[in-house]
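Here the structure is laid out as structure tokens; the discussion comes afterwards.
Just so it is clear: chains get the letters A, B, ... in the order the sequence lines come, proteins before strands, and each one is counted from 1.
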There are 2 protein chains.
Amino acid sequence: MTRHATPLPAGHPCLACDVRTIAVCGVLDCGDLARMRTLGRTMRLKAGQPIFHEGDQATRVFTVTSGTLKLYKLLADGRRQITGFMFPGDFMGISVDDEHAFTVEALDDAILCSFPRNRFDEFAGEHPQLERELYRLATHELAAAQRQMVLLGRKTAVERLASFFITLLDRTGKMVEDGREYIDLPMSRSDVADYLGLTKETVSRVLALLKDQRLIRLDTLNRIEILDGGRLVDMAEGVTD
Amino acid sequence: MTRHATPLPAGHPCLACDVRTIAVCGVLDCGDLARMRTLGRTMRLKAGQPIFHEGDQATRVFTVTSGTLKLYKLLADGRRQITGFMFPGDFMGISVDDEHAFTVEALDDAILCSFPRNRFDEFAGEHPQLERELYRLATHELAAAQRQMVLLGRKTAVERLASFFITLLDRTGKMVEDGREYIDLPMSRSDVADYLGLTKETVSRVLALLKDQRLIRLDTLNRIEILDGGRLVDMAEGVTD
DNA sequence: CGTTCGATTGAGCTTTCTCAAGCACAGTGG
DNA sequence: CCACTGTGCTTGAGAAAGCTCAATCGAACG
């Protein structure tokens, strides 16, 4: 569940699909990539389909080729916290005591590459540079998790939405058309709410508010134009000004 | 900022103090430990003293020998989120792009062992089993961070306090005296609040509530007796029953 | 063209926060 | 030895942010 610094070019096929995946690109040479390729296989997921559930045995690791996934944990009564989203190029290999710590589900149709965990670990053991890269990815994940703790523990609803947009801009890369910046929201309002520790109603209301203040524009339900990124950054950090 | 599975025996001296530290004990042999020892030096901290601040250059890594530390991030207007506490045996070496992602401050008088980051990394590079252990620790940290996201995003004040006590029981090990279980709270009510995404007043009120329900007893302000651990575990997970 | 499902909007409510006052204990000085 | 003072903790009352429940809207699809 870690992500490479550079985004995967749209449509960039994954390692198992006979090309290199972002998570290892740059740290393995051609021969090693070829060897690793033989370990993987392609998985195609329909929207809404889960890959594994919290508590399942972690027998495989994955990289995302295309599509978006959500990671979440549930409480006994069904309350849900989405702990992250996965985009193309992301790596999902982290587990504790061989058990998955969360459920992963596809938001839209997605393609993954999957490797048997033991063979992947073995392969990593033989490639220190890959192992170091995995560690680096884990530390970046951890830093992101800490920022999310600040968001969930201390930010207002408006600040949470602003932070969310800024993070998406950074992560999925700006989409610019005719000089306008857009972000795609492949997830539902409920998903956004469960990621930000809010209700879907509050998400809707805050969107309306940001729209009224001309900071964003709802191009379509799932496509948002960023009208004032600078102001959003300030908001995200709690700068009242 | 990761923690070994087994707790450090009280008073167990650290690597730099001529003995082994928890973070590496079990993965290094005597000769390697001796070499690592030569890299470290001991640091003594007074209560309230910071080790480094968010954004500082990360030139050293640390292990905790004795005492307790808090890790936190601030928003522009001073709102604070404590992202974790460090106890004896814990390792603080994770940073992103050589910058510390949070501030670390001693809660009480503490002793640390500190290593120059570059020498430590170099040493780790020569000891794959140490590198693997650091990765394992990071993944455990990440799982803990995700549990904290559930707490901050979806749990009620009562559930947060119950979760906090259960986590402390697991982490610092049960202290049993005369067949009674205790936990120490080396941090202030404000610190607890900033860790759980609440205010100090709410923390006080919830403590009073749990006390009234005979789930805990305040032995002293900073020492809590667990009267009904089972019930607390249920509460922590949102089991209403 | 009707149905469905997610998104939006509204009204009232609950939990937690804020602000303020009172309390308890440790340290200090008379 | 005891009053004094400071600091952190607790308790109370009112306010506010966000939640719940319910109604309405609107785009997608058969």
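- If you take CZ of B:Arg79 and P of C:dT16, they are 19 Å apart, rounded to a whole angstrom.
- B:Phe52 is linked by a ring pair (Phe, Tyr, Trp, His ring centres under 6.0 Å) to B:Phe62, B:His100, counting only residues two or more places apart in sequence or in another chain.
- Mapping B:Val158 and A:Lys211 onto DNA chain C via the closest heavy atom, the residue that lands nearer the 5' end is A:Lys211.
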Interface polar pairs with nucleotides 21-30 of chain D, N/O, under 3.5 angstrom:
{"unit_1": "D:dC21", "atom_1": "N4", "unit_2": "A:Glu201", "atom_2": "OE2", "d": "3.1"}

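- One can place CG of B:Leu151 at 12 Å from P of C:dT16, the figure rounded to the nearest angstrom.
- How far CD1 of A:Ile224 is from CG of A:Leu207: 5.5 Å, rounded to the nearest 0.5 Å.
- A side-chain donor-acceptor contact under 3.5 Å links A:Tyr72 and A:Glu105.
- The shortest distance between the side-chain N/O atoms of A:Thr202 and the OP1/OP2 oxygens of D:dG18 is not below 4.0 Å.
- Following rounding to the nearest Å, B:Leu107 (CG) and D:dG8 (P) show an atom-to-atom distance of 13 Å.
- Residues passing the side chain to side chain donor-acceptor pair (under 3.5 Å) test with B:Glu225 are B:Arg180, B:Arg217, sequence neighbours excluded.
- Within a heavy-atom distance below 4.0 Å of DNA chain C, the residues of residues 186-199 of chain B found are B:Gly197, B:Leu198, B:Thr199.
- Using a cut-off of 4.0 Å between Lys/Arg side-chain N and Asp/Glu carboxylate O, A:Glu237 and B:Arg79 are scored as not salt-bridged.
- Residues B:Thr103 and B:Lys73 have side chains that never bring a donor and an acceptor to within less than 3.5 angstrom of each other.
- If you check every strand for non-hydrogen atoms under 4.0 Å, A:Thr220 touches nothing.
- Counting only residues at least two apart or in different chains, ring pair (Phe, Tyr, Trp, His ring centres under 6.0 Å) contacts with residues 188-207 of chain A comprise A:Phe85-A:Tyr195, A:Phe164-A:Tyr195.
- Checked options A:Arg80, A:Arg189, A:Lys70; the residue passing with A:Asp194 is A:Arg80 (criterion: salt bridge (charged side-chain N to carboxylate O under 4.0 Å, His left out)).
- Among the nucleotides C:dT8, D:dT11, D:dG18, the one closest to the side chain of A:Ser204 is C:dT8.
- The nearest whole Å value for the distance from the CZ atom in A:Arg154 to the P atom in D:dG18 is 13 Å.
- Under the side chain to side chain donor-acceptor pair (under 3.5 Å) criterion, B:Arg44 pairs with no residue, sequence neighbours left out.
- Rounded to an integer number of Å, the gap from A:Leu209 CG to C:dA7 C1' is 17 Å.
- As a whole-Å value, the separation of B:Asn222 CG from C:dA24 C1' is 13 Å.
- Going from atom CG of B:Leu218 over to atom P of D:dT10 covers 7 Å, rounded to whole Å.
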